[in-house]
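Structure record follows, encoded as structure tokens.
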Amino acid sequence: MSGVISFEERAVATLRDRLGEAETARRKLIAFADGHCNATAAIHDAVTNLIMCRDIEEVAEVVTRDWPLLLRVDAVAMALIVDGQAFRFDISGIHPLEKAWVEKAGARANPVEITGGTNGSPLFGAISRALQSQAIIRIPQMSPGMPEGILLLGQTDATPVSSSEGDQLLAFLGRSLSAMLARWVGATK
């Protein structure tokens, strides 16, 4: 009997290792699903607040004042091209801007660009130096004569995480903002 090798102990150890790996993968999947669910709910809340706006001035307020809390980010700004003129909207107000800045950022973020490790885009304004990660989201032009631009979301301490699902949510946010802007700009023309 001493010449017989028992594989049972080794097989049980291998099965335990595989069970541990499966449990770790399950926990990661649940954490991802929870994060995705929370992100989806936050985006939906932001769009709902946008839909309730009565005019373009209220849109600027909601985006720059309320969205940071709803989206759990430290700063939100947007830069728009309206009737050939560019403007930056942030918590401090509305600022004129070179159209080329918005066009260049919009071309890079088609539809979303997520970066980190450096200061935020100067389009954030004064807070840009404190930001360590950012999402730049294209606000597409819905039709000729309607606004186009970018939405910027910034964080001071977060490492950027990009996924196709997250990018799709952010692109949805940009398209929703574009549709609402077109509605109000179209109503004033």
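Side chains included, hydrogens not; waters and symmetry mates left out as well; all remaining heavy atoms used. Quantities reported herein were computed from a predicted structural model and do not represent experimental measurements.
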Minimum-distance pair of heavy atoms, taken over all atoms of [X] and [Y]:
| X | Y | value |
| --- | --- | --- |
| M142 | A179 | CE-CB, 3.7 Å |
| C53 | V62 | SG-CG2, 3.5 Å |
| I91 | R65 | CD1-CA, 3.8 Å |
| V82 | P147 | CG2-CB, 4.0 Å |
| V112 | A171 | CG2-N, 3.8 Å |
| S121 | S128 | O-CB, 3.1 Å |

* To do: Would you mind listing the cluster partners of V102? Hydrophobic ones only (ILVMFWY), side-chain contacts under 4.5 Å, chaining allowed.
  =>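 Its cluster partners, ordered by chain and number, are I81, L97, W101, L123, F124, I127, L131, I136, I150, L152.
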* Given a cutoff of under 4.5 Å between side-chain heavy atoms of I, L, V, M, F, W and Y, with clusters grown through shared members, what are the other residues clustered with M52? ->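 When side chains under 4.5 Å apart are linked, M52 ends up in no cluster with other residues.
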Say whether, by atom type as modelled, one donor and one acceptor occur between the side chain of [X] and the main chain of [Y] under 3.5 angstrom.
| X | Y | value |
| --- | --- | --- |
| Q134 | L153 | no |
| S178 | P140 | yes |
| D45 | L70 | no |
| W67 | V76 | no |

Distance, nearest 0.5 Å, that separates [atom1] of [X] from [atom2] of [Y]:
| X | Y | atom1 | atom2 | value |
| --- | --- | --- | --- | --- |
| S176 | I51 | OG | CD1 | 7.0 Å |
| L69 | D74 | CG | CG | 10.0 Å |
| E103 | E98 | CD | CD | 10.5 Å |
| M180 | N49 | CE | CG | 11.0 Å |
| T40 | Q168 | OG1 | CD | 10.0 Å |

* L71 side chain near L173 side chain, heavy-atom distance below 4.5 Å ->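 Yes, side chains in contact.
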* Asked: Taking the side chain as C-beta and beyond, is there a heavy-atom pair between L151 and M78 under 4.5 Å?
  ->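 SC-SC contact between L151 and M78 confirmed.
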* Which residues pass the side chain to side chain donor-acceptor pair (under 3.5 Å) test with E58, sequence neighbours left out? ->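 Partners of E58 under the side chain to side chain donor-acceptor pair (under 3.5 Å) test: R54.
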* To do: Decide whether S133 and Q155 meet the rule of one side-chain donor and one side-chain acceptor closer than 3.5 Å.
  =>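 Per modelled atom types, S133 and Q155 side chains form no pair under 3.5 Å.
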* Is there a donor in the side chain of T64 and an acceptor in the side chain of D90, or the other way round, less than 3.5 Å apart? ->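 Their side chains do not contain a donor-acceptor pair, so the 3.5 Å distance test is not met.
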* Asked: Run the side chain to side chain contact (heavy atoms under 4.5 Å, CB included) check on E165 and L169 step by step: do they pass?
  -> CA-CA 6 Å; E165 295 85 1; L169 281 171; 5.9 Å; no
* I would like to know whether F172 and H44 meet side chain to side chain contact (heavy atoms under 4.5 Å, CB included); could you show each step before the answer? => CA-CA 10 Å; F172 168 75; H44 288 164; 4.2 Å; yes
* Asked: Are R138 and E113 close enough for a salt bridge, meaning some N to O gap below 4.0 Å?
  ->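 Salt bridge absent between R138 and E113.
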* To do: Take atom CD of E9 as the centre, draw a 6.0 Å sphere, and report whether it contains more than 12 heavy atoms from other residues, nucleotides or ligands.
  =>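 It does not: E9 CD has 12 such atoms or fewer within range.
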* Asked: Hey, mind stepping through F89 and L80 against side chain to side chain contact (heavy atoms under 4.5 Å, CB included) and telling me if it holds?
  -> CA-CA 8 Å; F89 301 77; L80 296 175; 3.7 Å; yes
